[in-house]
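Below you'll find the structure, written out as structure tokens, and then a few comments.
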Amino acid sequence: MTPETVQPAVRPERAARRRRPEFLVTGLCFAVIVFDGYDLIVYGATVPALLQYDSWNLTPAMAGAIGSYALIGMLIGALIAGAVTDTVGRRRVLLTGVAWFSATMIGCALAPDATWFGIFRLLGGIGLGGVMPTAVALTAEYADPKRRSLNNAMMFSGYAVGGIIAAVLAMTLMPALGFRFMYAMGAAPLLLVPLLARYVPESLAFLTAKGRHEEAARTAAKLGIEVPAPGAASDDRPAPDGEALGQRKRAGLMQLAGREYLGPALLFAAVSFFGLLLVYGLNTWLPQIMRAAGYPLSGSLLFLLVMNLGAVVGSLLISPLGDRFGMKPVTMAVFLAAAVSITLLAFATAAPLMYALVAVAGFGTIGAQIMVLGYVAQHFPVEVRATALGCTLGLGRLGAITGPLFGGFLLDAGVSTAWNFYAFAVPAALATALVLLLPGRALVERGLPGQERNLSATNH
């Protein structure tokens with residue numbers, strides 16, 4: 001029997017073996033992001049109960065400030081993770097972050113007053129901020145290039161799934177068990193840590209860059225994949241030492257500050273600012289806005305459920321269109337859908353229509369942010385891509401911090417329900433206009449032998 005006759009029987013088995021780590025890592029990172037989403041969105045689900053809790057005497061402005069504490073913590077956590085990941089590895093950052101934010105949820109559940117509650121929300125955000133970029137990096141590293149966009153969308157959809165779980169638990173259990181139970185449930189990821197420790201592999205790029213070649217070879221053999229060659233091009237390849245890491249980051253920032261890259265980078269950051277303002281502003285305040293409109297607590301929480309369900313379904317259905325028609329028109333259409341649907345909520349009175357509009361708004365906000373990150377990854381060449389993503393997310397998190405404060409200011413001012421919606425439609429419209437200004441064609445890498453070329457030279 002010739003080798004050619006044997007290969008067809010071997011290749012499917014080998015291909016299936018290579019897909020196992022991809023699906024395993026994507027699935028576990030999805031589970032982590034589900035809890036990440038739960039721990040963030042549960043605050044919006046409990047805001048109506050917190051405002052009625054006489055012992056704390058919270059105003060909407062105070063609740064908005066507390067809502068921003070977790071987002072401030074996320075900004076701090078992302079900076080810490082970026083500083084230590086190249087030293088300790090992605091796996092350890094992921095495990096520590098999950099254990100950290102789970103423990104702080106217990107603190108929230110036991111908080112004796114609003115001050116301690118806010119402190120634990122801030123501390124929890126630090127863990128959440130380190131987990132998100134680490135999960136993104138691991139998912140991307142172990143994904144087949146042909147499925148990277150789909151895996152990324154699936155993993156990110158875990159955020160909205162966490163929101164769905166938070167809304168369902170708030171509707172069914174919070175009336176009887178109170179808001180403290182909701183935060184105690186946020187400690188459930190502690191049960192996930194042993195599974196992560198057992199099944200999440202360390203980044204092969206990290207092991208190779210650190211010179212741990214035997215460990216990298218054992219890990220790769222166990223997973224049935226190949227070890228990346230030392231020095232191979234990667235969006236987020238760790239530097240071999242601290243000095244080289246600093247040089248690589250400085251080089252990336254200097255290149256991003258160049259005339260060719262600076263304008264698009266700032267535009268992407270501004271789009272991300274408005275996108276995250278919408279995501280965290282609506283997830284924090286939509287139940288209370290609907291409560292002020294006359295809906296009972298269960299009905300107002302149902303809107304939060306529908307919004308996150310729309311984000312999950314819409315993201316999975318629309319994300320592949322970016323690869324087919326180009327990221328610019330699809331991203332602009334998604335933000336425009338958010339602006340239109342949020343505006344129409346000011347006029348709608350029939351419940352079925354309002355649920356449909358909220359579902360579109362969910363996709364147009366959470367789904368749009370997923371599209372923005374994919375747009376950045378496709379637009380910038382590999383030597384500045386990680387820096388561009390960091391800039392987009394870093395400045396964008398200022399929008400995330402602003403969102404809860406913005407909603408709290410509106411409710412504290414006593415504006416009408418219609419103007420609450422108009423106010424949130426404005427950032428969506430501004431994001432749409434900014435996307436219109438973005439370049440539609442990916443920047444092409446020049447003179448980089450042996451490195452990855454732009455993802456799509458014909459991207460519209």
Side-chain angles (χ1 to χ4, degrees), residues 149 152-153 156-157 159-160 163 263-286 306-348 356-380 388-389 391-393 395-400 402-403 406-407 420-442 459-460:
S149 295
N152 181 66
F156 264 116
S157 70
Y159 173 85
L266 292 177
L267 282 173
F268 276 117
V271 172
S272 181
F273 174 92
F274 289 118
L276 288 175
L277 185 154
L278 288 166
V279 170
Y280 290 102
L282 287 175
N283 270 308
T284 299
W285 288 110
L286 182 62
V306 170
M307 186 175 74
N308 283 278
L309 186 60
V312 173
V313 175
S315 298
L316 295 178
L317 291 178
I318 304 299
S319 291
L321 297 181
D323 294 325
R324 181 175 180 181
F325 299 107
M327 297 299 291
K328 180 174 180 174
V330 176
T331 304
M332 187 166 58
V334 171
F335 272 121
L336 181 60
V340 172
S341 61
I342 295 171
T343 301
L344 291 177
L345 280 168
F347 301 95
L357 291 172
V358 166
V360 175
F363 164 63
T365 53
I366 299 172
Q369 188 61 21
I370 296 174
M371 298 296 295
V372 168
L373 296 179
Y375 194 169
V376 173
Q378 288 199 16
H379 179 75
F380 289 95
L389 282 167
C391 175
T392 300
L393 285 171
L395 295 178
R397 283 192 177 95
L398 298 178
T402 304
F406 181 61
N420 277 310
F421 290 125
Y422 294 150
F424 276 109
V426 170
L430 291 173
T432 305
L434 288 172
V435 174
L436 184 63
L437 299 176
L438 285 169
R441 192 174 293 274
N459 203 32
H460 299 295

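Heavy-atom basis, side chains included; hydrogens, waters and symmetry copies ignored.
Between the OH atom of Y159 and the CG atom of N308 there is a distance of 7.0 Å, given to the nearest 0.5 Å. Here the CZ-CG distance, from F268 to L395, works out to 13.5 Å after rounding to the nearest 0.5 Å. To the nearest 0.5 angstrom, F406 atom CZ is 9.0 Å from N420 atom CG. Rounding to the nearest 0.5 Å places CD of Q369 at 4.0 Å from CG of L276. If you take CG on L345 and CZ on F424, they are separated by 12.0 Å, rounding to the nearest 0.5 Å.
The minimum heavy-atom distance linking A339 with A429 is given by the pair CB-N, 3.8 Å. In terms of heavy atoms, A160 sits closest to A311 at CB-CB, 3.9 Å. Across all non-hydrogen atoms, the minimal contact from T432 to M332 is CG2-CG, 3.8 Å. When all heavy atoms of A431 and F274 are compared, the pair lying nearest together is CB-CB, 4.1 Å. For A348 against L357, the heavy-atom pair with the smallest separation is CB-CD1, 3.9 Å. Summarising the geometry of M371 relative to M327, their closest heavy-atom pair is O-CE, 3.2 Å, with the distance given to 0.1 Å.
The closest side-chain heavy-atom distance from I366 to N283 is below 4.5 Å. Inter-residue side-chain proximity for I342 and L282 is flagged as met; some heavy-atom pair is nearer than 4.5 Å. At a threshold of 4.5 Å between non-hydrogen side-chain atoms, the residues F273 and L398 count as touching. When side chains are defined from C-beta on, V271 does not count as touching Y375, because their heavy atoms never get closer than 4.5 Å.
The backbone N or O of G281 sits nowhere less than 3.5 Å from a side-chain atom of T284 that would complete a donor-acceptor pair. Listed for the S272 side chain is a donor-acceptor partner under 3.5 Å among the backbone atoms of T392. In this structure a side-chain-to-backbone donor-acceptor pair under 3.5 Å is missing from T331 to K328.
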Fill in: Candidate pair L286 and V358, rule side chain to side chain contact (heavy atoms under 4.5 Å, CB included), full reasoning
CA-CA 10 Å; L286 182 62; V358 166; 4.1 Å; yes
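F421 and F347 have their aromatic ring centers separated by at least 6.0 angstrom.
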